[in-house]
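Structure first, commentary second.
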Amino acid sequence: SKVNFEIAELIKDYIQAKGGGEKIQEMAMFISNLDTPEQIAKFAKDSSKPKFKDKLQELWINSLLSSPSTHIVNVVSNGIVAATRMPEYAVASLLGAGRKGSDKVSFTETGGRIYGSMYGFLDGMRAFKDALIDPKSVDDPLTKLELQRQNSISGIKGEVVRLPGRFLTAEDQLFKSVGYRQELWGQAIRKSKSEGKGIKRAYEIMDDPAKNFPDIELKARDTARYQTFTNPLGPTGQAVQKIINNHPWTRYIAPFVRTPVNIVKYAGQRTPFGVFAKSYKEAIKKGGAEADLARARVIVGSTAMASISMLANDGLVTGRGPADYREKSILRETGWQPYSFKIGDSYYAYNRFEPVGILFGLAADWTDIYKYTDKKFAEGNGPEFEELATMLAASFTENITNKTFLTGISDAINVMFNPDRYGDKAIQRFLSSFVPTASYYVRKNQDPVIRDAQSIMDSFYNRIPGLSTELPPRRNVFGEERRFQEGAAPEFLGNIGKTFSPVAKSTITNDVVFNELANLKITPSVPKRTIGGVKLNPKQYESLMSEMIPLQTKAKLELMIRSSEYQNLLPSQKSELITSIIQKDQSAARKLTTIKNPKIVQDQVTKLMEQLKQ
């Protein structure tokens with residue numbers, strides 16, 4: 001029966017979420033080898049008892065989700081997806097209007113889906129409340145939380161620890177209700193149209209969907225999951241989930257699999273390359289409304305990307321920026337910010353809101369790449385294939401893999417290929433991630449200075465309000481303190497809004513010196529962390545960097561840049577002059593630091609004595 005089929009589907013989803021059928025078969029095989037009822041009872045009791053690793057993972061996952069900014073991003077992203085489905089159905093209705101057949105999306109259906117959205121929002125608010133009050137009311141086993149064992153930490157402390165995950169699930173319940181109702185009304189109207197009947201028939205179907213349209217609820221459930229990125233993965237994704245379930249420590253590398261994979265798939269279906277996707281080809285093969293919708297997704301997404309490209313060409317939208325890290329750092333000092341909209345004299349980041357962040361980021365990057373190739377052709381030598389390939393790969397890396405929810409995987413890859421460079425930092429970042437993310441946001445608001453965290457303990461201090469000030473500040477090439485960008489938020493939200501805003505805001509500085517460095521593409525390197533072979537501790541290094549302030553390096557450069565004599569120089573002469581002044585003052589700063597820190601000299605002597613003994 002229809003009910004039994006739905007129950008079977010839910011059981012299948014539940015089994016997949018808990019590790020797959022093989023996991024259950026393994027347990028059944030183990031139980032069959034037990035000899036006595038007492039052994040079976042003991043096994044049941046032990047297997048249901050949470051282990052320390054289960055509690056630790058539950059604590060860690062919820063620490064990652066603890067910042068309100070994470071939930072703002074989730075709600076806004078889900079809302080954008082729900083809203084942007086309407087233009088896709090509108091375009092599909094236009095495509096359907098130009099061909100014969102009854103299996104098509106109509107303009108009436110688009111209106112019905114808008115009506116369903118409003119109805120679903122009311123349902124969703126109730127589902128949101130129920131999920132917060134009683135997590136057991138959530139009947140869909142596929143959520144953004146992928147832990148095999150839930151509720152590992154007992155008592156009131158467990159309820160507090162799980163609050164971030166509970167909110168995340170409740171938010172998705174709200175938007176699953178929206179997607180569910182969108183599809184119910186859309187399918188009801190489509191069926192009434194195919195039967196040659198009017199809107200009255202759609203209302204009849206909605207009176208008892210299970211009886212009048214047996215498949216409608218399964219379609220609606222699948223749409224609800226699709227729009228919240230919780231739909232089941234394909235064979236490859238399930239294989240990855242199986243590895244993680246069988247090897248729990250890998251959860252710390254990839255805490256989330258289903259959601260990021262679905263986000264990337266969703267975005268990919270809406271790029272010009274979406275026509276090569278397996279889902280697109282299958283939809284075209286089916287024909288009818290499914291084919292129209294597949295084409296509409298590509299059309300709407302590509303049109304949005306084309307609009308962003310036009311804005312990026314005018315400098316109103318930014319992509320990843322220069323490939324060189326030091327060049328990008330100089331550009332940031334001017335107020336420029338990657339993956340942002342430029343509004344007035346400020347930049348507002350868009351990259352955290354998925355999947356539009358991926359689409360906008362790719363469009364902005366491709367515009368920069370086009371400018372690069374166009375410039376090379378204008379110079380008469382064409383683009384270098386190796387550099388072009390590097391730019392395309394970097395764009396893919398930044399927009400697809402280098403996301404917050406894939407940080408663990410990015411770190412693991414970096415450590416694998418360059419352990420000496422990335423190993424210590426990856427370990428520090430992982431261990432300090434047990435400090436709730438909310439704490440780090442509060443710390444950045446109270447102490448907006450970027451701190452020089454060099455050890456594991458420093459990394460913990462760096463995420464805790466009140467303790468971060470124990471660490472020395474990081475400074476730029478002129479000795480000025482580096483600071484975090486402030487969060488953009490409506491005025492009525494006050495300081496709380498700025499603290500937890502997911503939108504980074506950067507204001508153009510109109511800094512004469514940094515503007516000149518950016519224009520000339522001068523990327524002065526900061527001093528090394530050693531003097532005479534002795535490694536400087538963070539405070540000594542901060543002392544070295546800060547010496548550039550009393551040396552007035554930046555003031556000297558600004559005075560020179562404003563002079564008429566400087567303006568008459570060739571760009572190469574300007575670069576050479578600026579670089580020589582910076583290098584000269586850096587050399588002076590090293591000498592002053594050595595004089596002011598006698599321990600450096602002592603360490604140099606000790607090191608020399610050790611070398612002589614060898």
Side-chain angles (χ1 to χ4, degrees), residues 321-333 411 414-415 417-429 449-459 461-462 468 470-484 513-514 516-518 520-557 575-612 614:
D324 182 79
Y325 171 77
R326 291 190 300 179
E327 187 178 346
K328 186 181 290 187
S329 296
I330 294 298
L331 201 54
R332 277 181 172 276
E333 294 283 359
D411 283 349
N414 288 335
V415 171
F417 287 100
N418 196 337
D420 293 335
R421 180 178 179 183
Y422 296 105
D424 289 345
K425 285 296 181 184
I427 293 172
Q428 290 174 23
R429 187 156 40 236
V449 176
I450 299 175
R451 298 289 172 177
D452 190 18
Q454 293 296 310
S455 67
I456 292 175
M457 189 56 67
D458 287 350
S459 298
Y461 274 43
N462 196 36
S468 62
E470 297 293 319
L471 305 176
R474 297 184 67 177
R475 297 178 181 271
N476 64 22
V477 70
F478 299 119
E480 299 167 327
E481 288 184 351
R482 294 177 55 194
R483 304 174 76 85
F484 290 105
V513 177
F514 277 114
E516 186 69 359
L517 294 180
L520 295 172
K521 297 189 181 303
I522 300 173
T523 56
S525 58
V526 296
K528 293 182 179 180
R529 288 181 174 267
T530 58
I531 293 180
V534 174
K535 186 175 181 180
L536 304 179
N537 63 41
K539 289 188 177 180
Q540 290 171 338
Y541 186 68
E542 191 266 336
S543 175
L544 167 61
M545 296 293 289
S546 64
E547 286 296 342
M548 299 296 279
I549 294 176
L551 287 171
Q552 296 187 316
T553 308
K554 190 176 183 183
K556 287 186 291 188
L557 288 176
S575 297
E576 186 177 347
L577 187 56
I578 290 174
T579 302
S580 66
I581 291 173
I582 293 174
Q583 290 178 345
K584 181 181 177 181
D585 281 0
Q586 284 182 343
S587 178
R590 299 179 88 80
K591 293 177 182 178
L592 287 169
T593 302
T594 305
I595 293 171
K596 293 180 179 180
N597 293 269
K599 192 176 185 306
I600 296 176
V601 178
Q602 293 174 8
D603 291 342
Q604 288 175 336
V605 172
T606 302
K607 185 174 183 180
L608 179 60
M609 295 297 291
E610 289 175 352
Q611 290 174 346
L612 291 173
Q614 294 177 353

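Just the heavy atoms: all of them, side chains too, but no hydrogens, waters or symmetry mates, feed the values below. Numbers here simply count residues along the sequence, with the first being 1.
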Derivation and outcome, side chain to side chain contact (heavy atoms under 4.5 Å, CB included), residues Leu517 and Leu557: CA-CA 10 Å; Leu517 294 180; Leu557 288 176; 5.7 Å; no
Criterion side chain to side chain contact (heavy atoms under 4.5 Å, CB included) on Leu551 and Gln586, from CA distance to verdict: CA-CA 9 Å; Leu551 287 171; Gln586 284 182 343; over 6 Å; no
Salt bridge (Lys or Arg N to Asp or Glu O under 4.0 Å) assessment of Asp603 paired with Lys599: CA-CA 6 Å; Asp603 291 342; Lys599 192 176 185 306; 3.2 Å; yes
Verdict with supporting geometry, Glu547 and Glu542, side chain to side chain contact (heavy atoms under 4.5 Å, CB included): CA-CA 9 Å; Glu547 286 296 342; Glu542 191 266 336; over 6 Å; no
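Taking CG of Asn476 as the start and CD of Glu333 as the end, the distance is 4.5 Å to the nearest 0.5 Å. Here the CG-OG1 distance, from Leu331 to Thr523, works out to 12.0 Å after rounding to the nearest 0.5 Å. To the nearest 0.5 Å, atoms OG (Ser459) and NZ (Lys425) are separated by 6.0 Å. Here Ile456 contributes atom CD1 and Ile427 contributes atom CD1; the two are 6.5 Å apart, rounded to the nearest 0.5 Å. Expressed to the nearest 0.5 Å, how far CG of Leu608 lies from CD of Gln604 amounts to 9.5 Å.
The nearest pair of heavy atoms linking Met548 to Gly479 is CB-N, 4.0 Å. The two residues Ser546 and Pro550 have their closest heavy-atom pair at O-CD, 3.2 Å. Residues Gly321 and Lys328 share a closest heavy-atom pair of C-CE, 4.4 Å. The minimum heavy-atom distance linking Glu327 with Pro322 is given by the pair CD-CB, 3.7 Å.
A donor-acceptor pair is defined here as one N or O able to donate and one able to accept, closer than 3.5 Å; no such pair exists between the side chain of Gln428 and the backbone of Asp458. Side-chain N or O atoms of Arg475 include none that pairs as donor or acceptor with a backbone N or O of Met545 at under 3.5 Å. Remark: side-chain polar atoms of Arg590 are paired, donor with acceptor, to backbone N or O of Thr530 under 3.5 angstrom. Judged by distance alone, the side chain of Gln540 and the main-chain N or O of Arg529 form no donor-acceptor pair under 3.5 Å. When atom types are taken as modelled, the side chain of Asn597 and the backbone of Ile600 share no donor-acceptor pair closer than 3.5 angstrom. Proximity of a side-chain donor or acceptor of Ser329 to a complementary backbone N or O of Tyr325 within less than 3.5 Å is detected. In this structure a side-chain-to-backbone donor-acceptor pair under 3.5 Å is present from Tyr541 to Pro527. Although no hydrogens or angles enter the test, the distance criterion places no donor-acceptor pair under 3.5 Å between the side chain of Thr579 and the main chain of Glu576.
In this structure Phe478 satisfies the ring-ring contact (aromatic ring centres under 6.0 Å, His included) test together with Phe514, sequence neighbours excluded. Asp585 is linked by a side-chain hydrogen bond (donor to acceptor under 3.5 Å, both in side chains) to Thr553, Lys556, counting only residues two or more places apart in sequence or in another chain. The side-chain hydrogen bond (donor to acceptor under 3.5 Å, both in side chains) search around Asn462 returns Arg443, not counting sequence neighbours. Listed by chain and residue number, Ile450, Asp452, Arg482 satisfy the side chain to side chain contact (heavy atoms under 4.5 Å, CB included) test with Arg474 (two or more places apart in sequence, or in another chain). Judged as a salt bridge (charged side-chain N to carboxylate O under 4.0 Å, His left out), and not counting sequence neighbours, Lys528 has no contacts. Partners of Glu480 under the salt bridge (charged side-chain N to carboxylate O under 4.0 Å, His left out) rule, at least two apart in sequence or in another chain, are Lys554.
The shortest side-chain heavy-atom distance between Arg451 and Pro472 does not fall under the 4.5 Å cut-off. Residues Ile330 and Pro524 are in side-chain contact: their nearest non-hydrogen atoms beyond the backbone lie under 4.5 Å apart.
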